[in-house]
Amino acid sequence: MPKLLNDDARAQALHGLPEWALASDSKSIAREFKFKDFVEAFGFMTQVAIRAQVMDHHPDWSNGYNRVSITLSTHDAGGLTDNDIALAQQIDAIVA
């Protein structure tokens with residue numbers, strides 16, 4: 001099982017993910033994305049889904065027309081782990 005990040009590790013990881021916000025309970029990070037239209041948003045979700053499946057680490061997310069909201073947390077560990085940070089980095093690379 002992945003190890004939870006402590007306060008210092010969380011702060012360091014989030015320094016490299018400036019668009020992601022830490023939840024008030026420190027158990028997840030979240031980011032919202034806005035795209036030109038539904039097709040672009042869905043294409044982004046498809047790319048994320050493929051990477052998440054390869055990592056065997058899946059986001060909690062929602063989609064409304066051209067917006068995608070993503071929350072990352074490692075449920076079986078009970079909070080934020082390196083897996084969440086790695087997936088956030090992959091997601092940021094997709095939109096870069």
Side-chain angles (χ1 to χ4, degrees):
M1 178 182 310
K3 182 180 171 187
L4 289 175
L5 297 178
N6 64 29
D7 291 342
D8 290 337
R10 269 194 309 270
Q12 184 178 4
L14 288 172
H15 182 72
L17 298 168
E19 302 295 323
W20 292 83
L22 182 65
S24 60
D25 64 3
S26 300
K27 292 185 177 185
S28 65
I29 56 175
R31 182 172 175 192
E32 290 213 8
F33 301 86
K34 184 177 179 185
F35 299 94
K36 180 180 69 175
D37 56 26
F38 177 75
V39 171
E40 192 174 290
F42 193 83
F44 164 74
M45 291 179 74
T46 301
Q47 291 180 61
V48 171
I50 291 166
R51 293 185 186 184
Q53 186 64 27
V54 168
M55 294 175 70
D56 193 28
H57 190 64
H58 305 93
D60 291 324
W61 58 6
S62 64
N63 166 244
Y65 183 60
N66 67 336
R67 295 180 185 271
V68 177
S69 299
I70 299 178
T71 301
L72 300 174
S73 181
T74 303
H75 300 293
D76 58 351
L80 201 60
T81 70
D82 284 331
N83 290 345
D84 304 301
I85 302 307
L87 184 53
Q89 291 168 337
Q90 289 287 317
I91 292 168
D92 282 355
I94 291 169
V95 295

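The structure displayed is predicted, hence computed values, not measured ones. Numbers here simply count residues along the sequence, with the first being 1.
For Asp92, the salt bridge (charged side-chain N to carboxylate O under 4.0 Å, His left out) test picks out Arg31, with sequence neighbours left out.
Taking CD1 of Ile85 as the start and CG of Leu5 as the end, the distance is 5.5 Å to the nearest 0.5 Å. Rounding to the nearest 0.5 Å gives a distance of 8.0 Å between CG of Leu4 and OG1 of Thr74. The distance from the OH atom of Tyr65 to the NZ atom of Lys34 is 10.0 Å, given to the nearest 0.5 Å. Going from atom CD of Gln12 over to atom CG of Asn6 covers 9.5 Å, rounded to the nearest 0.5 Å. Atoms NE2 and CG, on His58 and Leu72 in that order, are 12.0 Å from each other to the nearest 0.5 Å. A distance of 13.5 Å separates NZ of Lys3 from CG of Asn83, quoted to the nearest 0.5 Å.
Put simply, the side chain of Glu40 gets close to the backbone of Lys36: a donor and an acceptor are under 3.5 Å apart. Put simply, the side chain of Asp84 gets close to the backbone of Thr81: a donor and an acceptor are under 3.5 Å apart. A distance-only check finds a donor-acceptor pair linking the side chain of Ser73 to the backbone of Lys27 [under 3.5 Å].
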### Message
Would Val68 and Phe42 count as a side chain to side chain contact (heavy atoms under 4.5 Å, CB included) here? Give the steps.
### Response
CA-CA 9 Å; Val68 177; Phe42 193 83; over 6 Å; no
### Query
Passes side chain to side chain contact (heavy atoms under 4.5 Å, CB included), Leu80 versus Ile29? Steps please.
CA-CA 8 Å; Leu80 201 60; Ile29 56 175; 3.8 Å; yes
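Tracing side-chain contacts under 4.5 Å through hydrophobic residues (I, L, V, M, F, W, Y), one reaches Val95 starting from Ile70; they form part of the same cluster.
The minimum heavy-atom distance linking Leu22 with Ser28 is given by the pair CD1-O, 3.5 Å. Closest heavy-atom contact between Leu87 and Met55: N-CE, 3.6 Å.
Within the 4.5 Å cutoff, side-chain heavy atoms of Gln89 are placed close to those of Leu17.
Residue pairs meeting the ring pair (Phe, Tyr, Trp, His ring centres under 6.0 Å) criterion with at least one partner in residues 1-37, sequence neighbours excluded, are Phe33-Phe44, Phe35-Phe44.
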